[in-house]
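Notes for the one structure printed next.
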Amino acid sequence: MPLDTTTRTIEIECQRYDPDTDAAPRMQSYKVPFSNDMSVLQGLRHIKDHIDGSLTFRWSCRMAICGSCGMMINGIPQLSCHTFLRDYYPNKLRIAPLEHFPIVRDMVIDQNDFLDKLESIKPYIIPKEDKPVSDGAYRQTPAQMEQYVQYSECINCLLCYAACPQYGITPQFTGPAALALLHRYNADSRDEGWAARRDLVNSENGVWHCTLVGYCSEVCPKSVDPAHAINQNKVNSVMDYFGIMKLLMPRSGAK
Amino acid sequence: MSRYKPQLKTYAWHQPADWWIHNPFLLRYQIREWSSLLIVLYALVLLWGLYDLNQGEASWNGWLAAMRSPFFILFHVVTFFVVAYHSYTWFKVMPKTMAPLPIGPKAITLGGWAAVAVISVLVLVITYGLVR
């Protein structure tokens with residue numbers, strides 16, 4: 001098929017918020033010429049470069065790796081670099097910042113709440129005891145790696161937080177990505193950190209705020225499946241309550 | 001230490017009451033959650049029957065007559081489909097509630113339905129044996 005280079009024009013409606021002048025967000029519409037290969041992010045960059053330089057949004061890699069450009073596109077949390085204008089034409093597009101987060105300006109949200117939560121799950125391998133470097137590398141079988149590798153694919157794009165109504169209602173909820181990363185470390189054969197993470201898992205703001213809506217896994221651009229990670233840890237949390245975890249993980253110091 | 005900056009002026013998020021209306025996925029989730037209310041009502045109707053059975057033959061026949069009214073026939077038909085949908089949604093998410101099994105998520109969901117089929121047949125056979 002020959003490359004389609006025809007240019008069409010699509011209407012992109014952007015939610016704007018300037019903390020210095022606006023009391024509440026407002027909508028602003030732009031007419032954007034686009035070709036078949038242009039992503040929504042490229043459409044926004046066209047607005048910023050040629051129409052309205054004040055439009056503010058985060059982006060970096062343009063190829064669904066960095067996780068910077070997540071936004072609500074027609075009400076669905078998506079990476080704007082991973083979504084194409086041609087799929088919306090001839091209808092107009094509504095762009096808004098990721099839901100459930102405070103808005104700093106236009107499409108830019110305040111991620112600090114997530115960063116605090118990411119820190120709270122201790123996102124690093126906690127070995128039972130530190131090995132000297134001279135003892136060599138920690139060894140792992142492909143089957144052991146299979147246990148966690150999917151959850152390590154998270155790019156912290158926060159689409160799952162924008163998808164999670166429980167997080168929208170209760171911002172204290174640790175949330176999908178942070179709990180998926182918690183499971184990434186707990187499921188790692190080199191990690192013995194259950195004792196360090198169990199209080200968070202078991203708490204109301206840990207896995208028990210999740211009601212298995214499952215939309216987090218639906219919107220995840222990396223197929224991390226946070227809903228699966230969280231609900232496996234509900235099982236772990238119950239086993240911990242009945243004292244079964246310490247039988248399963250005698251070395252981890254689980255109580 | 002919190003990274004939150006109190007001096008940063010932001011527009012706060014407030015969850016609207018209609019958060020589930022505009023997204024078909026979230027609407028289906030809400031139907032799944034609400035369907036449990038109809039299941040509660042169905043259980044109450046059964047308990048009402050059990051209570052009437054305990055009160056003697058006349059009241060038991062009264063309950064049976066009430067169940068034959070168009071309202072309760074409609075109630076049971078609606079409840080049947082709602083419960084079927086409720087089961088469908090939960091069997092669909094069942095693989096997410098357990099550690100990954102080598103048989104794969106589809107087989108877990110089918111296993112749930114197989115259990116429903118086997119138990120339903122067993123209940124029918126036992127009931128038929130009892131009332132025959």
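The model shown is predicted, which means the values in this text are computed figures rather than measured ones. Order of the sequence lines sets the chain letters (A, B, ...), proteins ahead of strands, with each chain counted from 1.
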Looking at chain B, which one of [options] has the largest number of heavy-atom pairs inside 4.5 Å, strictly under?
{"options": "A/Ile76, A/Val104, A/Val108", "value": "A/Val104"}
{"options": "A/Pro171, A/Ala23, A/Pro25, A/Pro97", "value": "A/Pro25"}
{"options": "A/Pro165, A/Gly214, A/Ser217", "value": "A/Pro165"}

Could you check whether atom [atom1] of [X] has more than 12 heavy atoms from other residues, nucleotides or ligands sitting under 6.0 Å from it?
{"X": "B/Phe91", "atom1": "CZ", "value": "yes"}
{"X": "A/Lys222", "atom1": "NZ", "value": "yes"}
{"X": "A/Met145", "atom1": "CE", "value": "no"}
{"X": "B/Phe25", "atom1": "CZ", "value": "yes"}
{"X": "B/Tyr85", "atom1": "OH", "value": "yes"}

Practice item. Report the relative orientation of the aromatic rings in B/Tyr11 and A/Tyr17; use parallel for angles under 30°, tilted for 30 to 60°, perpendicular for over 60°. Key: tilted
Review point. A/Ala187 versus chain B, heavy atoms under 4.5 Å apart: side chain, backbone, both or neither?
Key: neither
Exercise for review: Please flag which part of A/Glu146 lies under 4.5 Å from any non-hydrogen atom of chain B: side chain, backbone, both or neither.
Suggested key: neither
Which value, rounded to the nearest 0.5 Å, describes the distance between [X] atom [atom1] and [Y] atom [atom2]?
{"X": "A/Tyr215", "Y": "B/Tyr29", "atom1": "OH", "atom2": "OH", "result": "14.0 Å"}
{"X": "B/Gln15", "Y": "A/Gln166", "atom1": "CD", "atom2": "CD", "result": "9.0 Å"}
{"X": "B/Leu8", "Y": "A/Asn112", "atom1": "CG", "atom2": "CG", "result": "7.5 Å"}
{"X": "A/Asp110", "Y": "B/Thr10", "atom1": "CG", "atom2": "OG1", "result": "6.0 Å"}

Point to revise | Any residue of residues 227-236 of chain A which, by heavy atoms, sits under 4.5 Å from chain B | key: A/Ala227, A/His228, A/Asn231, A/Gln232, A/Val235
Mind listing the closest non-hydrogen atom pair of [X] and [Y] along with its distance?
{"X": "A/Ala163", "Y": "B/Leu26", "value": "O-CD2, 4.4 Å"}
{"X": "A/Thr211", "Y": "B/Arg32", "value": "O-NH2, 2.9 Å"}
{"X": "A/Leu212", "Y": "B/Trp90", "value": "CD2-CZ3, 4.0 Å"}

Check your understanding: Checking B/Pro95 against chain A: side chain, backbone, both or neither under 4.5 Å from a heavy atom?
Key -> backbone
**Study point:** Pairwise side-chain contact, A/Ile103 with B/Trp13, heavy-atom cut-off 4.5 Å (strictly under)
**Key:** no
